[in-house]
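To start, the structure itself, in structure tokens.
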Amino acid sequence: MPEGHTVHRTANQFNKLFAGEKISITSPQGRFAAASKLISGQKLIRARAIGKQLFLKFENDLTLRIHLGIYGKWNFSTFENEPPTPVGQVRARFVTANIFADLRGPTVCEVITKAEVKKVENRLGPDPLNPDPKGIEELRFIQRVQKSSSPIGQLLMNQEIISGIGNVYRAEILFRAGISPHRLGNSLSETQLKEIWRDSVDLLKVGVKTGFMITRDELRNKKPNKADRNFVYKREGLPCRVCSTNLTIEIMATRKLYWCVGCQN
């Protein structure tokens, strides 16, 4: 499942290619056909992301909400005379004069009103990639964690606590903080949670910039192999890059959890 940085990159791409344009929207697959008529031909005002959710706002005050889920994918391309025939199960196709974007396999693809957008926003936790000049979102994250007796490894995957963190960032952020994923939310100090939040901001910005989840600082300005990008993710049984303890894998709330029992306590 794409993590938050990927969805923000998609929002940036939509703004670059489609913002201010009237877009023809169809559903080659058919499942989105009726809803697509509500926004087809409308001008896209802007695209924005909150965590793993993409919001495309149109001039008629309707918004298309998209959540890729596990199987969702985007394909952007240009064409000269007419866009090519859709291949596979294309839920929605977005077309302007010489650009098209195909959406396949999303978990959510729905047109919603301004009031419904607000309900979704209120449900979601703060997104480290969205502006927070007054620290309100950081404080919201801290308060939500400290009210919970669930493990922090579980809370970071809860999109109502913090938006955009998935399995890779969860493992890497906790390793960098030296915090066990089993520590309860209400046992963590404000200082520890500020560190987690601010590291999330930093790491996700790297993800937006590079397109990769690089969590080893010394590799940020390089193009590291996938196996070298992270400290613990998918490195179970290998020695920790810091303390040489063999890294652990276990299941937490049905998801694989990677961590170092030597560095994280």
Side-chain angles (χ1 to χ4, degrees), residues 1-7 51-53 67-72 107 124-129 138 141-207 212-217 219 224-265:
M1 181 184 295
E3 302 199 24
H5 73 290
T6 300
V7 185
K52 301 178 182 181
Q53 312 229 13
H67 189 308
L68 292 179
I70 297 175
Y71 303 108
T107 297
L124 292 172
D127 182 337
L129 281 171
E138 177 183 77
F141 164 70
I142 292 170
Q143 290 175 338
R144 290 186 179 195
V145 172
Q146 289 188 326
K147 286 179 181 177
S148 177
S149 58
S150 295
I152 186 62
Q154 200 168 315
L155 293 174
L156 289 183
M157 297 283 280
N158 184 340
Q159 300 302 297
E160 295 184 5
I161 301 293
I162 183 170
S163 289
I165 302 298
N167 216 14
V168 182
Y169 283 126
R170 181 259 298 268
E172 296 298 309
I173 288 165
L174 288 176
F175 176 82
R176 288 165 59 96
I179 294 173
S180 165
H182 295 286
R183 287 282 302 275
L184 304 184
N186 57 16
S187 76
L188 295 171
S189 68
E190 182 175 339
T191 299
Q192 287 174 312
L193 292 172
K194 278 185 178 180
E195 181 180 349
I196 287 174
W197 173 264
R198 293 175 187 182
D199 203 35
S200 301
V201 173
D202 185 41
L203 292 179
L204 267 74
K205 283 182 177 178
V206 173
F212 303 114
M213 290 181 276
I214 301 172
T215 57
R216 296 175 65 194
D217 294 345
L219 301 180
N225 295 326
K226 193 171 184 179
D228 296 329
R229 293 174 193 164
N230 307 127
F231 285 102
V232 294
Y233 182 71
K234 284 197 172 179
R235 298 193 67 246
E236 70 274 15
L238 296 175
C240 172
R241 298 188 193 277
V242 175
C243 75
S244 298
T245 300
N246 286 350
L247 299 175
T248 296
I249 183 172
E250 60 185 85
I251 301 298
M252 175 178 279
T254 75
R255 298 297 301 275
K256 292 179 180 178
L257 172 69
Y258 304 86
W259 65 297
C260 176
V261 298
C263 291
Q264 296 173 251
N265 49 59

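The chain is numbered in sequence order, starting from 1. Only heavy atoms go into these numbers, but all of them, side chains included; no hydrogens, no water, no symmetry mates. What you see is a predicted model, and the numbers here were worked out from it, not measured in a lab.
- Residues Tyr169 and His5 are in side-chain contact: their nearest non-hydrogen atoms beyond the backbone lie under 4.5 Å apart.
- Side-chain contact check for Leu68 versus Thr6: every heavy-atom pair is 4.5 Å or farther apart.
- With contacts defined as side-chain heavy-atom distances shorter than 4.5 Å, the pair Phe141/Ser200 does not qualify.
- Between the Asp127 side chain and the Gly164 main chain, no donor and acceptor come within less than 3.5 Å of each other.
- With sequence neighbours left out, the side-chain hydrogen bond (donor to acceptor under 3.5 Å, both in side chains) criterion links His182 to Glu250.
- Glu3 places a side-chain N or O within donor-acceptor distance of the main-chain N or O of Val168, the cut-off being under 3.5 Å.
- For the atom pair CD1 of Ile152 and CD of Gln264, the computed distance is 12.0 Å after rounding to the nearest 0.5 Å.
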Exercise. Begin with the C-alpha distance, continue with both residues' side-chain angles, and end with the deciding distance and a verdict on salt bridge (charged side-chain N to carboxylate O under 4.0 Å, His left out) for Arg198 and Glu138.
Key: CA-CA 8 Å; Arg198 293 175 187 182; Glu138 177 183 77; 2.6 Å; yes
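- Counting only distance, with no hydrogens or angles, the side chain of Glu172 and the backbone of Tyr233 share a donor-acceptor pair below 3.5 Å.
- Thr215 and Asn230 form a side-chain donor-acceptor contact under 3.5 Å, judged by distance and modelled atom types alone.
- Applying the salt bridge (charged side-chain N to carboxylate O under 4.0 Å, His left out) test between Asp217 and each of Arg241, Arg176, Arg229 identifies Arg176 as the sole match.
- Residues Tyr258 and Arg235 fail the side-chain proximity criterion, which asks for heavy atoms closer than 4.5 Å.
- Smallest separation of non-hydrogen atoms from Lys234 and Glu236: C-OE1, 3.3 Å.
- For Asp202, the salt bridge (charged side-chain N to carboxylate O under 4.0 Å, His left out) test picks out Arg220, with sequence neighbours left out.
- Side-chain contact check for Thr107 versus Ile70: every heavy-atom pair is 4.5 Å or farther apart.
- Counting only heavy atoms from C-beta outward, the side chains of Ile196 and Leu174 approach each other to under 4.5 Å.
- A heavy-atom distance below 4.5 Å is not found between the side chains of Pro224 and Phe212.
- A donor-acceptor pair under 3.5 Å is absent between the side-chain atoms of Arg170 and the main chain of Ile165, judged by distance alone.
- Between the side chain of Gln192 and the backbone N or O of Ser189 there is at least one donor-acceptor pair closer than 3.5 Å.
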